[in-house]
Protein chains: 2
Amino acid sequence: MSSAVTRARIVEIADRLFYERGYQHTSFADIGAAVGLSRGNFYYHFKSKDSILDAVIESRVASTRRMLAEWETEHDDPADRIMRFVEIVVTNGPDIRAHGCPVGTLNTELAKLDHALRGRARELFTVFRTWLRDQFALLGHADQADDLAMHVLTFSQGVAVLSNAYRDEEFVRREVDRMRDWLSTYSR
Amino acid sequence: MSSAVTRARIVEIADRLFYERGYQHTSFADIGAAVGLSRGNFYYHFKSKDSILDAVIESRVASTRRMLAEWETEHDDPADRIMRFVEIVVTNGPDIRAHGCPVGTLNTELAKLDHALRGRARELFTVFRTWLRDQFALLGHADQADDLAMHVLTFSQGVAVLSNAYRDEEFVRREVDRMRDWLSTYSR
DNA sequence: CAGACCGTAGGACAAGCGTCCTAGAAGATC
DNA sequence: GATCTTCTAGGACGCTTGTCCTACGGTCTG
């Protein structure tokens with residue numbers, strides 16, 4: 001099979017495993033078994049575990065950008081776009097209850113490891129942050145847009161951690177409602 | 001040295017290392033080196049790594065209860081007590097920026113590992129949750145006390161994750177201010 | 001002083017890890 | 001069809017992990 005295709009499959013599966021079990025707790029052998037490749041053969045595609053992580057982060061950044069761009073075409077009102085983000089914790093509820101937020105948990109893990117790719121992982125937050133900032137600016141709050149963006153991120157991370165700990169769907173719904181009320185005071 | 005004293009020292013040091021570097025990433029050898037004991041000798045005090053974790057969680061639960069009891073003697077107004085909790089993210093700012101919230105990150109890690117002690121770690125959240133609930137009940141909001149308690153926890157976890165990712169002190173301050181305003185609508 | 005007991009040191013162990021190597025299969029090129 | 005490149009299998013390597021064992025130095029009891 002072509003190298004590019006195999007590489008993409010490795011990244012896709014590593015992405016899922018890193019999310020579900022964490023980076024440290026996912027071994028070369030795990031990825032190899034899931035992809036259907038021998039462990040040693042990995043070295044042809046990726047020279048180290050870190051380089052797989054790097055590719056996974058890059059892939060996540062790209063797909064996040066795609067998703068946000070799509071939301072912009074689907075909603076004209078920036079407030080609707082922001083709510084679309086807020087509701088991720090409902091839309092992806094089952095995954096988040098089981099494994100937390102992909103962005104938050106990766107950042108938390110890499111911070112503990114003092115990992116070289118910590119900075120790259122933070123970019124994932126920044127993609128959302130700048131996008132949210134832009135939406136608040138469009139709503140006429142350019143002066144405090146970044147602050148409001150960070151507040152929305154704070155909400156989503158808090159909900160993710162606690163819904164993961166308690167596996168409580170109702171709690172998520174109540175927090176989303178609260179967020180909707182808060183957001184309405186910043187809408188047109 | 002007496003067994004009880006050594007045991008307590010192991011727990012104390014393991015507690016710190018688990019917080020700073022994560023559970024998985026802390027080895028028997030690490031703890032041994034930090035305590036000043038040979039690796040093998042550990043088996044005299046703890047029969048497994050999990051049993052150390054269990055002791056660490058127990059110790060954290062106990063010290064959290066002590067702290068909360070102390071806050072009750074220091075503040076008569078439940079709103080002041082809640083603010084004392086809210087301000088943890090400022091008081092322990094440097095640690096949280098460096099290593100996240102001890103409770104949140106442990107729960108997140110154990111969830112990924114699908115670890116047997118996940119439930120015990122959740123107790124740490126519950127200690128805060130029930131205490132906050134009691135404070136809101138004292139403020140006359142018994143009907144929605146648990147919901148409000150969870151909202152405060154959501155705030156603290158969200159702030160912890162993001163201040164850890166961005167190492168941003170100003171952000172924390174702004175979120176605490178926002179929380180203070182929100183809380184004032186529930187005070188007497 | 002003799003013996004029992006508590007705490008320790010240090011290494012053996014099997015397994016798993018990330019990394020690396022080599023030989024061969026598969027496929028493309030001429 | 002021969003040759004060269006691309007991809008793969010499978011295992012060796014050195015290291016670290018959690019676990020376990022045995023033998024030694026202290027301390028206290030009779």
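This structure is a prediction, so every number in the text was calculated from the model and none was measured. Numbers restart at 1 for each chain; the letters A, B, ... are given by sequence-line order, proteins then strands.
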Item to check | Distance in angstrom units between A/R7 CZ and D/dT8 P, rounded | outcome: 13 Å
Checklist entry - D/dA12 P sits how many Å from A/F28 CZ, rounded? => result 19 Å
Checklist entry - Please give, in whole Å, the distance from D/dC7 P to A/R9 CZ? => result 13 Å
Checklist entry - When the distance from CZ of B/F46 to C1' of D/dT19 is rounded to whole Å, what number comes out? => result 16 Å
Checklist entry - Side chain of B/T6: nearest nucleotide among D/dT8, C/dT8, D/dT19? => result C/dT8
Checklist entry - Where is the tightest heavy-atom contact between B/L183 and B/A79, given as atom of each residue plus distance? => result CD2-O, 3.8 Å
Checklist entry - Counting side-chain heavy atoms from CB outward, which of C/dA9, D/dC20, D/dA9 is closest to B/S38? => result C/dA9
Checklist entry - Considering heavy-atom distances to DNA chain C, does B/H45 or A/S48 have its closest nucleotide positioned more toward the 5' end? => result B/H45
Checklist entry - Atom CD1 of A/I10 to atom P of D/dT8: distance rounded to whole Å? => result 8 Å
Checklist entry - Got a sec: does the CD of B/E12 have more than 12 other heavy atoms crowding it under 6.0 Å? => result no
Checklist entry - Do you know the tightest heavy-atom contact between B/N164 and B/G100? => result ND2-N, 3.6 Å
Checklist outcome for this item: Checking C/dT8, D/dT19, D/dT8 against the side chain of A/N41 (C-beta onward), the nearest is D/dT8
Item to check | Out of C/dT8, D/dC20, C/dG18, whichever nucleotide has its closest atom nearest the side chain of A/K49 | outcome: C/dG18
Item to check | Interatomic distance, A/Y44 OH vs C/dG27 C1' [rounded to whole Å] | outcome: 12 Å
Item to check | Interatomic distance, A/F42 CZ vs C/dG16 P [rounded to whole Å] | outcome: 18 Å
Checklist entry - Out of C/dT8, D/dT17, C/dG18, which has the shortest distance to the side chain of A/S27? => result C/dG18
Checklist entry - Touch check for A/S51, heavy atoms < 4.0 angstrom, all strands: base, sugar-phosphate only, or nothing? => result nothing
Next on the checklist: Donor-acceptor pair, distance only, cut-off 3.5 Å: does the side chain of A/Y186 make one with the backbone of A/L148?
Outcome noted: no
Checklist entry - Is a donor on one side and an acceptor on the other found under 3.5 Å between the side chain of B/S27 and the backbone of B/D30? => result yes
Item to check | Euclidean distance, atom NE2 of residue A/H25 to atom C1' of C/dG18 [Å, nearest integer] | outcome: 16 Å
